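The basis for the numbers below is simple: all heavy atoms, side chains too, and nothing from hydrogens, waters or symmetry mates. Nothing here was measured: the structure is a model prediction, and the numbers come from that model. So that the names make sense, note that chain A is the first sequence line, chain B the second, and so on, each numbered from 1.
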Amino acid sequence: DPKIIQKPKYLVAVTGSEKILICEQYLGHNAMYWYRQSAKKPLEFMFSYSYQKLMDNQTASSRFQPQSSKKNHLDLQITALKPDDSATYFCASSQDGGGGAETLYFGSGTRLTVL
Amino acid sequence: GDQVEQSPSALSLHEGTDSALRCNFTTTMRSVQWFRQNSRGSLISLFYLASGTKENGRLKSAFDSKERRYSTLHIRDAQLEDSGTYFCAAEPFTGGNNKLTFGQGTVLSVIP
């Protein structure tokens, strides 16, 4: 059974719209992350959360907003979507996150296509 | 910024042969993690290393403990199911928060 659930698996959106990518983890971890994999680029770190608090943000645009309603949830809201936002978005988690140096476990990703 | 250089970018292996993938880092890193991405896009963690070597079945990984600027992933007796894209990802000492920098990946094809 997958321990990190990302929904939906595939998502198609029109330019200018807003979408929410869902992530839930059942590993009992306290830290969660978002990474993005664009075509022909390595995965890129976006956000890290530990105990539901934002620890690091490498996303230049405020159109990307993580939302943590529960410790094991970290959703990603994306507003005013652009075609360049097309990518696979991976959620990940680790035990604590605060001090770093932990194994990260990844979900299976949400592949977003913006038309 | 921190750079992770992965080589080779693509590799074809016959079943039963051995090979090694390599990652070089432009700065010293605290830890390295290796992943395999399968055809469905899922990222599977293979190894996490803060130093030394780890082995799991036909896979073995090493992280240079002295200079902390490269890591290797050895594949022994390659099987068809080993095909996929292999990524290394490293975390620098500064910054923390498990902010991994990923390499470009090695696309491995194992052929009969």
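Heavy-atom distances place the side chain of A:Lys9, and not its backbone, under 4.5 Å from chain B. If you measure heavy-atom distances from A:Phe47 to chain B, you find no contacts under 4.5 Å at all. Heavy atoms of B:Gln33 lying under 4.5 Å from chain A belong exclusively to its side chain.
In the hydrophobic cluster analysis, where Ile, Leu, Val, Met, Phe, Trp and Tyr join through side-chain heavy atoms closer than 4.5 angstrom, A:Tyr33 is grouped apart from A:Ile20. A continuous path of hydrophobic side-chain contacts links B:Val110 to B:Leu46 [ILVMFWY only; heavy atoms under 4.5 Å]. Cluster membership for B:Val32 and B:Leu108, using ILVMFWY side-chain heavy atoms within less than 4.5 angstrom, is shared. Hydrophobic clustering of Ile, Leu, Val, Met, Phe, Trp and Tyr side chains at less than 4.5 Å, counting indirect connections, unites B:Leu21 with B:Leu80. The same ILVMFWY cluster, assembled from side-chain heavy atoms under 4.5 Å apart, contains both B:Trp34 and B:Leu13.
If you take CD1 on A:Ile4 and CG on B:Leu43, they are separated by 10.5 Å, rounding to the nearest 0.5 Å. The line from CG of B:Leu100 to CD of A:Glu44 is 13.0 Å long, rounded to the nearest 0.5 Å. Atoms OG1 and CZ, on A:Thr103 and B:Phe47 in that order, are 11.5 Å from each other to the nearest 0.5 Å. The NZ atom of B:Lys99 sits 9.0 Å away from the OH atom of A:Tyr35 when rounded to the nearest 0.5 Å. Note that CZ of A:Phe106 and OG of B:Ser45 are 8.5 Å apart. Values are rounded to the nearest 0.5 Å.
Taking the six-membered ring where the residue is Trp, the centroids of B:Phe102 and A:Phe45 are separated by 6.0 Å or more.
Atom CZ of A:Phe64 has more than 12 heavy atoms from other residues, nucleotides or ligands within 6.0 Å. The number of heavy atoms from other shown groups lying within 6.0 Å of CZ (A:Arg111) does not exceed 12.
In this structure the side chain of A:Gln37 reaches within 4.5 angstrom of the side chain of B:Gln37, judged on heavy atoms. Inter-residue side-chain proximity for B:Val4 and A:Pro42 is flagged as unmet; no heavy-atom pair is nearer than 4.5 Å.
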